[in-house]
Amino acid sequence: MDLEERSPQLGIKYKDLMVLDQLVKAGADLEQPRHVIFYLYAPTLDAAQSVAKGAGTAGYGLRAEVGKPSPKSPDSWPVTCEANAVISPDFVRDTGNLFDTLAAQHDAEYDGWEAAATPRKA
């Protein structure tokens with residue numbers, strides 16, 4: 001199975017369904033809002049800043065450090081976006097589409113997401 005393919009029932013990539021499954025196995029109540037982190041990697045600082053700007057315009061917060069590549073990957077500028085959201089199938093599909101589009105527009109890579117098993121405390 002190609003993890004990038006989408007489930008015909010929900011339109012969600014199989015890799016995203018695997019994350020949802022892990023959250024449920026960890027006891028997550030997916031109807032409660034939680035902290036979600038998205039990971040993208042751009043080939044240049046300019047591309048990383050453009051991806052970050054697009055994510056910010058769409059309402060996603062950014063971590064303080066955006067655009068510092070590791071010495072092992074000097075041509076991979078990380079962009080980390082965050083949200084506090086209910087992880088519904090629509091949310092997973094819509095955010096995946098957004099970050100796939102931003103990545104494609106800037107020759108970047110959308111590497112996926114993770115979420116806390118427990119809701120974020122206010």
Side-chain angles (χ1 to χ4, degrees):
M1 167 189 338
D2 181 354
L3 296 180
E4 291 294 324
E5 292 294 319
R6 293 178 184 266
S7 156
Q9 294 85 11
L10 297 174
I12 298 172
K13 290 182 181 182
Y14 289 113
K15 69 179 185 179
D16 294 328
L17 287 173
M18 291 173 65
V19 175
L20 290 170
D21 183 57
Q22 290 300 313
L23 287 169
V24 170
K25 285 179 179 175
D29 174 359
L30 298 182
E31 294 184 10
Q32 298 298 314
R34 68 198 62 251
H35 185 222
V36 188
I37 305 170
F38 307 90
Y39 300 98
L40 299 97
Y41 299 91
T44 66
L45 176 58
D46 285 345
Q49 290 171 334
S50 294
V51 168
K53 183 178 179 183
T57 299
Y60 293 87
L62 302 175
R63 289 190 172 197
E65 289 190 4
V66 173
K68 292 191 177 188
S70 76
K72 292 180 182 178
S73 301
D75 296 327
S76 183
W77 297 77
V79 180
T80 306
C81 303
E82 300 177 291
N84 194 40
V86 172
I87 306 176
S88 67
D90 287 343
F91 174 80
V92 172
R93 184 179 49 254
D94 293 347
T95 56
N97 290 343
L98 169 71
F99 290 119
D100 280 340
T101 298
L102 284 172
Q105 289 172 342
H106 302 287
D107 294 320
E109 174 190 356
Y110 171 45
D111 195 34
W113 60 279
E114 67 178 67
T118 56
R120 177 175 257 186
K121 303 290 184 219

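Here the structure is a predicted model, which means the values were calculated and not measured.
A donor-acceptor contact closer than 3.5 angstrom links the side chains of Glu114 and Tyr39. Residues Asp46 and Trp77 bring no donor and acceptor atom of their side chains to less than 3.5 Å of each other.
The two residues Ala115 and Ile87 come nearest to each other via the heavy atoms CB-CD1, 3.4 Å. Considering all non-hydrogen atoms of both residues, Pro89 and Leu10 come closest at CB-CD2, 4.3 Å.
Within a 6.0 Å sphere centred on CD of Glu31, heavy atoms belonging to other residues, nucleotides or ligands number 12 at most.
Taking CG of Asp107 as the start and OG1 of Thr44 as the end, the distance is 8.5 Å to the nearest 0.5 Å. Note that the NE2 atom of His106 and the NZ atom of Lys53 stand 9.5 Å from one another [nearest 0.5 Å]. Going from atom NZ of Lys13 over to atom CZ of Arg93 covers 13.0 Å, rounded to the nearest 0.5 Å. To the nearest 0.5 Å, atoms CG (Asp94) and OG (Ser88) are separated by 7.5 Å.
The shortest distance between side-chain heavy atoms of Leu40 and Asp111 does not fall below 4.5 Å.
Checked by atom type and distance alone, the side chain of Arg34 never pairs as donor or acceptor with a backbone atom of Val86 at under 3.5 Å. A donor-acceptor pair is defined here as one N or O able to donate and one able to accept, closer than 3.5 Å; such a pair exists between the side chain of Ser7 and the backbone of Gln9. The backbone N or O of Val92 sits less than 3.5 Å from a side-chain atom of Thr95, completing a donor-acceptor pair.
By the side-chain hydrogen bond (donor to acceptor under 3.5 Å, both in side chains) test, Thr101 pairs with no residue at all, sequence neighbours left out.
Annotation: ring pair (Phe, Tyr, Trp, His ring centres under 6.0 Å) contacts involving residues 80-99, sequence neighbours excluded, comprise Phe38-Phe99, Tyr60-Phe99, Phe99-Tyr110.
Between Lys15 and Glu4, at least one side-chain nitrogen of the basic residue sits less than 4.0 Å from a carboxylate oxygen of the acidic one, meeting the salt-bridge criterion.
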